[in-house]
Amino acid sequence: MIRPFEKPIYVTRPFLPPLEEFCQGLEEIWETGWLTNNGPILQRFTDELCNYFETDNICLFNNGTLALQIGLQGMGISGEVITTPFTFVATTHALFWNKIRPVFVDIEPDYYTLDPEKVEAAITPWTTAILAVHVYGYPCNLNALADIARRHNLRLIYDSAHAFGVEVGAKSIAHFGDLSMFSFHATKSYHSIEGGLLIFKESGLKGTFDYLKNFGFKNELEVVMPGTNAKMNEMQALMGIQVLKYLDDIIEKRSRITDLYRQRLKKIPGIRLAPPLSPHVKYNHVYFPIEVDEDEFGMSRDQLYEKLKEFNVFSRRYFYPLLCDYACYRSISIKDPLTVARRAADRILTLPIYDGLELSDVETICEIMMSLQMGKDSSLHRRRIGLEPEYFKANTR
Ligand SMILES: Cc1ncc(COP(=O)(O)O)c(C=O)c1O
């Protein structure tokens, strides 16, 4: 009999640097009295990220949603943009705020990223860009999307909210496409409490993004465009600098969790794991998604989600429902049946993963899932397979 965890295990917990280190940084803020508006810590953070990504074409924001919104606006994207319904709502919201029509197409079954064939089939004279998502930090089909964008003269934009730290062929994922947006939200493997980053090919865009995130101010007296307020503040920049120092450790710890989950879960009937990533990909282990096959596992994804809660394990159904099923997007006409995306939304559960999660706790989560699959702990399963409680009592240990 496996007992529930004493304390809840959530899908994630933010990494926090040692308190003394953060307090030292705070002393600097108290000395300068500079809290926001391109302060010295933000400038230092910007320099560190320029070194990290080996480019000057970067711009920091107070969150990823506004970064993406401003990225699209600054690049002048309009008309129709082909995108995925299998993502967090902010991807489509960023299009909506720019009055761009999202054209949803299906995803690939292995890594849940946009299916290039479906993208190509959806291009119309109004298409201006592709907005793809490296969902769960899994790289999109980079070559195929780049090829389509080049042949059809489209801009290629990546929502890389999940993909900080991911590399393909020893090159940061930021360097694919015309523009990439990273989210530094506290739920990500790398964070600055809240925050967003744009990395882009055309250096000319930097000035536009800087105006747009600061009300359009060019100087004290001139406003050159109707910008908004999307500036990162000094506390966020401080957290960003401090967490960056630990990034390799964080990813290493998360990778051990991934390995253990994979080892244990591959043996459970009805649990499908994404195929191992190509050796050319350095992954950031930001999420651990699994697919639940109801028939083989003996209970549905939603039943498993609820059952895990009884053991004090709080997984998440990222990304369910599909974005196009939210009330605000339901009226958009969609030609693609979105078969793969619908199946993924109905079957995927993301399991707890964070650097402070003990491997022994991962073992226990896997044992719980194993026992649920075997029906030892599951009244739901017993009901599904038609066993009466009396029969079950008499025939189990
Ligand atoms: C795929 C995706 N895009 C965009 C965002 C928005 O980022 P933020 O929360 O930093 O605004 C998120 C946030 O989790 C996300 O998961």
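Remember, it's 1-based here, ligands and their atoms both numbered in the order they're listed.
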Worksheet item: ligand 1 versus Thr87, non-hydrogen atoms closer than 4.0 Å: side chain, backbone, both, neither?
Response: side chain
Worksheet item: Quick one: does ligand 1 sit under 4.0 Å from the side chain of Glu194, the backbone, both or neither, non-hydrogen atoms only?
Response: neither
Taking 4.0 angstrom as the limit and counting only heavy atoms of [X], give me the atoms of ligand 1 inside it, by number and element.
| X | value |
| --- | --- |
| Thr65 | 6 (C), 7 (O), 8 (P), 11 (O) |
| Phe88 | 1 (C), 2 (C), 5 (C), 12 (C), 13 (C), 14 (O), 15 (C), 16 (O) |
| Met181 | 4 (C) |
| Ala90 | 4 (C), 5 (C), 6 (C) |
| Thr91 | 1 (C), 3 (N) |
| Gly195 | 10 (O) |

Worksheet item: Which residue supplies the protein heavy atom nearest to atom 3 (N) of ligand 1, what is that atom called, and how far is it?
Response: Asp159 OD2, 2.7 Å
Out of [options], who gets a non-hydrogen atom closest to [atom]?
| atom | options | value |
| --- | --- | --- |
| atom 13 (C) of ligand 1 | His162, Lys188, His93 | Lys188 |
| atom 7 (O) of ligand 1 | Gly196, Ser183, Ser192 | Ser183 |
| atom 2 (C) of ligand 1 | Ala161, Ala67, Gly64, Ala163 | Ala161 |

Worksheet item: Does the side chain of Leu131 reach to within under 4.5 Å of the side chain of Ile100, using non-hydrogen atoms?
Response: no
Practice prompt. Would you check if Tyr305 and Arg317 make a side-chain contact, meaning some heavy-atom pair closer than 4.5 Å?
Written response: yes
Item to complete: Could you verify whether a donor N or O on one side chain and an acceptor N or O on the other, from Thr187 and His185, lie under 3.5 Å apart?
Response: yes
Worksheet item: Does the side chain of Tyr112 pick up a donor-acceptor pair with the side chain of Glu291 at under 3.5 Å?
Response: yes
For the pair [X] and [Y], find out whether any cationic side-chain nitrogen is under 4.0 Å from an anionic carboxylate oxygen.
| X | Y | value |
| --- | --- | --- |
| Asp346 | Arg342 | no |
| Glu252 | Arg256 | yes |
| Arg44 | Asp47 | no |
| Asp249 | Lys253 | no |

